[in-house]
Amino acid sequence: MSADLVLINGNVITMNPSNPHVQAIAVKGDEIMKVGSNDDITPLIDKNTKVIQLDGKTVIPGIIDTHIHVTDFGRLLLWLDLTGCKSITDIKNILRKKINATSAGKWILGRGLNEALSEANQFPTRFDLDLVAPNNPVILYHQSKKLCVANTKALELARITKKTTILSKEGIIEKDPDTGNPTGIIKGKAVDLIWKVIPEPNTDDLLKLTHLALSKIIEAGITSIHWMILSPLEFSIIRKLDRKTFPLRIYLIVPFELWKKELKFRVSSSWQEDSIKIGAIELSADGYLASKTAALFQPYADSSKSNGKLLYTQKTLNFSAVKIIQSGYQLIIHAMGDKAVEAALTTIEYFDKKIYDVTSRIRIEQAALINKNFLEKMKNQKILVSVQPCVINSEFKTWAAIEKLGQRRARWLFPLKKMIDNNITVLGGSDCPMEPLNPFIGIQMLVDRKFFPEEAITSTEALEIYTINAAYSTKEENCKGSIKEGKLADLTILSNDLTSISSSKIGSINVTNTIIGGKIVYSK
Ligand SMILES: [Zn+2]
């Protein structure tokens, strides 16, 4: 029997410990037919076989992103990216290009205003934006999302005038000291005053944007995603997806409150179409470190009062978790602070063995701040821990975790090496669009870890997080996550070998091809 597709003369990292490196792969239909040396695979080539000459390029199992917000990513692709701007002139140039391609009256949104601009005294005001965009409402956001600048048209639509006043806890509407007119710069919660007047794209536009997002995801070498649903609107978009053009494998994760309200506790398997299904329901035990809503035992180090808080009582958390498992879904508990992680672990201990055993693959999202005691429990209960490597870096770097938690606690923030050494299964995702989509940037963060570098892991361990561990988390380790005979032919071809390149360069590795189910869906 001949192969449909053969990849030959390469550096194949299989992630199969019994046969870790091979030269060539043969594919039949959507499955891997054989792996081995060039000599093993060549006889499977006939006149109908498509052959990819790898010329030493690296092949890895298709990347699985276990945490991505697809529709939001699509929305953001429409936004102007100002992250590289160093001056008001740079911003105006980007804005001008967009204005020329946009009809009058349509909103223009941008993101990525940064500290460098403020430091260089180059932060724009409404007047700078008005010069380029007199007829379109424009709003540009700072990286922190807690600060924006709006032009005159946008201020008018939001009815923000000289007379608008807000409470100081709601932020600041900056005003010119001489005239009292708003400068367009808005800080804190008050940014919502403008956000709420921006019209929602209609379903057709959102579908187009979601397709655009899917194509970017495939280009990044990702073959499977765990799609974190944020709004019920996404269900109607998912039903209309063009699955032929975008055959990405999709696992939906629905927040508990949305499941309860929109899907009325629907039972698993009643909502499955092709390769899309609701796989998991996520219960949030607490909020986020960045907004100091993650629940901690001891207050945040820079404020004596705030501890964050648990979003449910222990009793409600237990009850809701049982409901999820009994309905046939994977249970995910978002728990970021140590108090929330404890609540999650207590819930898991509470389960009756009839509904739960260690094979249930319960996942804690984040498990950010832990301690030695938790490590032991997580290991014994075979908990899966889902992290987003770029988030880890942001917590330390942007949020200044050492300052906000204190050195002693920050040492136990995302201690991945300790988790892996304790045989805890860790999975990785991007949290795109809040963080970069590129999985190799994520892998670099883990291998070349800057904060508490003793918690850095090897490139092979990091790759496990995005492949075999992620496959295991959805009980798909028999068909995904490694390159092995009989598994799905989901493959990613790379310009460089991430296990031999210098760790500081992993993030710049290029994806040259993405293959899903034996079909080449992306070629650079
Ligand atoms: Zn997220």
Side-chain angles (χ1 to χ4, degrees), residues 63-77 79 111 141 143-146 195 206 209-210 213-214 216-217 220 222 224-235 237-238 248 250-259 278-295 308 311 329-337 340-341 344 363-369 384-399 401 413-414 416 426-439 441-442 445-446 465-466 469-470 473-474:
I63 294 277
I64 304 171
D65 185 327
T66 59
H67 187 125
I68 181 164
H69 305 278
V70 182
T71 310
D72 264 24
F73 178 37
R75 271 180 227 257
L76 219 69
L77 289 170
W79 289 39
R111 67 192 168 92
Y141 282 86
Q143 271 162 349
S144 71
K145 295 155 201 124
K146 299 271 162 55
W195 183 247
L206 265 183
L209 292 171
T210 305
L214 292 179
K216 299 273 178 203
I217 293 168
I222 296 163
S224 293
I225 53 171
H226 297 186
W227 177 331
M228 313 296 286
I229 298 278
L230 293 171
S231 101
L233 184 67
E234 289 173 70
F235 293 122
I237 291 166
I238 289 163
L248 209 69
I250 298 172
Y251 185 79
L252 298 178
I253 298 176
V254 179
F256 178 74
E257 294 300 332
L258 190 72
W259 178 53
I278 296 179
I281 307 293
E282 185 188 34
L283 255 174
S284 286
D286 68 344
Y288 297 86
L289 286 171
S291 53
K292 289 196 193 166
T293 51
L311 298 177
Y329 294 99
Q330 182 185 23
L331 169 65
I332 300 181
I333 304 179
H334 163 99
M336 206 160 194
V341 178
R363 162 170 161 180
I364 298 185
E365 209 62 21
Q366 309 297 349
L369 188 59
L384 311 169
V385 172
S386 165
V387 298
Q388 296 94 54
C390 291
V391 171
I392 300 179
N393 194 59
S394 295
E395 300 303 0
F396 280 107
K397 199 174 165 191
T398 316
W399 185 62
L413 187 62
F414 296 111
L416 290 203
V426 180
L427 359 155
S430 62
D431 203 19
C432 173
M434 272 61 98
E435 297 287 347
L437 171 69
N438 186 339
I441 294 180
M445 297 287 180
L446 299 179
I465 284 180
Y466 284 92
N469 292 5
S473 78
T474 52

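All ligand and atom numbering here is 1-based and tracks the order in the structure. Heavy-atom basis, side chains included; hydrogens, waters and symmetry copies ignored.
Listed by chain and residue number, F440, I441 satisfy the side chain to side chain contact (heavy atoms under 4.5 Å, CB included) test with N438 (two or more places apart in sequence, or in another chain). Residues that satisfy the side chain to side chain contact (heavy atoms under 4.5 Å, CB included) test with A335, not counting sequence neighbours, are A285, A340, V341, A344, I364. A search for side chain to side chain donor-acceptor pair (under 3.5 Å) contacts involving N469 returns nothing, not counting sequence neighbours.
The number of heavy atoms from other shown groups lying within 6.0 Å of NZ (K216) does not exceed 12.
Here the Zn ion (ligand 1) has protein N, O or S atoms under 2.8 Å from it, and they come to 3.
Side-chain atoms of S386 and E365 form a donor-acceptor pair, as typed in the model, at a separation below 3.5 Å.
T474 has its side chain within reach of H226: a pair of non-hydrogen atoms, C-beta onward, lies under 4.5 Å apart.
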